[in-house]
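Some notes on the structure that comes next.
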Protein chains: 2
Amino acid sequence: MGTKQQITERIGSLLRDSKLSVTETRTKILELFMKSNGALEHSDFEKLAGKSFDRVTVYRTLQTFLDKGIIHKIPTTDTSVRYAVCKSECSEHHHHDHHIHFKCEECGNTICLDDTDIPQIHLPKGYAAHNVEVVVSGVCKTCK
Amino acid sequence: MGTKQQITERIGSLLRDSKLSVTETRTKILELFMKSNGALEHSDFEKLAGKSFDRVTVYRTLQTFLDKGIIHKIPTTDTSVRYAVCKSECSEHHHHDHHIHFKCEECGNTICLDDTDIPQIHLPKGYAAHNVEVVVSGVCKTCK
DNA sequence: ATTTAATTTGCAACATTGTTGCAAATTTAT
DNA sequence: ATAAATTTGCAACAATGTTGCAAATTAAAT
């Protein structure tokens, strides 16, 4: 993972690569993503960081990160929107974050399974598939 | 599909089978589900039915239908919650609504693909899968 | 068919979540 | 160091979801 210093530097590069100003809020939000080993939703930022930044700023920051391909959304069956950081190969125009997601029913954590194959889906005649989203729920490694 | 009379009768049976009172609101909401050939979200009911019933009643009715296994939720990457009617074999305790979902990027419609196989996912060691949700997006039959 | 009991509905009030405009503060470029 | 551009926080608002309770509707019992 590296020292705090190193992490901050890595986040700085990530932001500069995406042509974004390196601000305190953006750095802190990315730090929270890196610390948590799972997906985060909006309300988590308030819980994790208290009132250190404004709700509006969080919304705007997450939207910016989405636009730049730094994070991606994970489908849910409730009203919450969950986000996770993309792998380094992702960019604004080219996403390599095709992977399945796993939600643990015990700890509630959602993680990206990068090394698990995305299945081939054999659709009925006449349908064209552009994207396949898979969310598996069950019990994760650590909760077992 | 049958006459309006027949549909109303079928909905009545469905509700009675689930041990629910047959009310105007419930009947009308189920009618809307049957008419639409796709998933519906909360706001659709206000659009489709105007102010014929209260927002609160719609929320409560959808929750009741979920509890009884009459409808199920479909995962999305936004804050909306989409619902679709379950097949007849579903009940409060035993759900057979395991199927994948397809969202058309053209018409925005989400449908259940009942005859498409749910893929086997080979998870990393230590993970146990209880449920697999698949949402495919692309272009549907009619929009092609 | 009436009456009674149980359930459902609609209203009001509130809580949570997400959005927009704009001035102040911060960051980047000169 | 200064100017330009961007980002942030505040206020105000809009949309979405929840709860308690009285009135209305539905189901059950006579």
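In what follows, chains are A, B, ... by sequence order, proteins preceding strands, each numbered from 1.
Take the nearest nucleotide of DNA chain D for A:Thr79 and for A:Leu20: the residue whose nucleotide is more 5' is A:Leu20. Mapping A:Ser43 and B:Glu24 onto DNA chain C by nearest heavy atom places B:Glu24 closer to the 5' end of the strand.
Distance from the side chain of A:Thr57 is smallest to D:dT8 among D:dG17, C:dG18, D:dT8. For A:Thr25, whose side chain is taken as the heavy atoms from C-beta onward, the closest listed nucleotide among D:dT8, D:dT18, D:dA11 is D:dT8.
One interatomic measurement links the two molecules: CG of A:Asp54 to C1' of D:dA12, which rounds to 13 Å at whole-angstrom precision. Put simply, NZ on B:Lys28 is 17 Å from C1' on C:dT8, counting in whole angstrom units. For the pair A:Ile11 CD1 and C:dT27 P, the computed distance is 15 Å after rounding to whole Å. Distance CG (B:Leu62) to P (D:dT18): 11 Å, rounded to an integer number of Å. The distance between atom OH of A:Tyr59 and atom P of D:dT7, rounded to the nearest whole Å, is 20 Å. Nucleotide C:dT7 holds its P atom 11 Å from the CZ atom of B:Arg26, rounded to whole Å. Per the geometry, CG belonging to B:Asp78 stands 13 Å off C1' belonging to D:dT16, to the nearest Å. Rounded to a whole Å, the NE2 atom of A:His42 is 6 Å from the P atom of C:dG18.
Side-chain contact between B:Leu113 and B:His99: absent, with no pair of heavy atoms (C-beta onward) separated by less than 4.5 Å. Within the 4.5 Å cutoff, side-chain heavy atoms of A:Ser18 are placed close to those of A:Ile70.
Regarding contacts with the backbone of C:dT7, every side-chain N or O of B:Ser21 stays at 4.0 angstrom or more from both OP1 and OP2. Using a 4.0 Å cut-off, some side-chain N or O of B:Thr23 falls inside it from OP1 or OP2 of C:dT9.
Summary of helix geometry: the two end axes of the helix from C:dA1-D:dT30 to C:dT30-D:dA1, each defined by five base pairs via their C1' atoms, are inclined to each other by 40° (rounded to 10°).
If you check distances only, the side chain of A:Arg55 does reach the base of C:dG18 with a donor-acceptor pair under 3.5 Å. Contact of A:Arg60 with D:dG9 (side chain to base): a donor-acceptor pair of N or O atoms is detected under 3.5 Å.
Checking each of B:Tyr59, B:Phe33, B:Tyr83 against B:Phe45 for a ring-ring contact (aromatic ring centres under 6.0 Å, His included) leaves exactly one that passes, namely B:Phe33. The side chain to side chain donor-acceptor pair (under 3.5 Å) with A:Arg82 is formed by just one residue from the set A:Glu41, A:His101, A:His72; it is A:Glu41.
With hydrogens and angles ignored, the 3.5 Å screen pairs a side-chain donor or acceptor of B:Thr76 with a backbone N or O of B:Asp78.
In the hydrophobic clustering of ILVMFWY residues, with side-chain heavy atoms under 4.5 Å counting as a link, B:Val81 and B:Val58 come out together.
Every residue meeting the salt bridge (charged side-chain N to carboxylate O under 4.0 Å, His left out) condition with A:Glu9, not counting sequence neighbours, appears here in chain and number order: A:Arg16.
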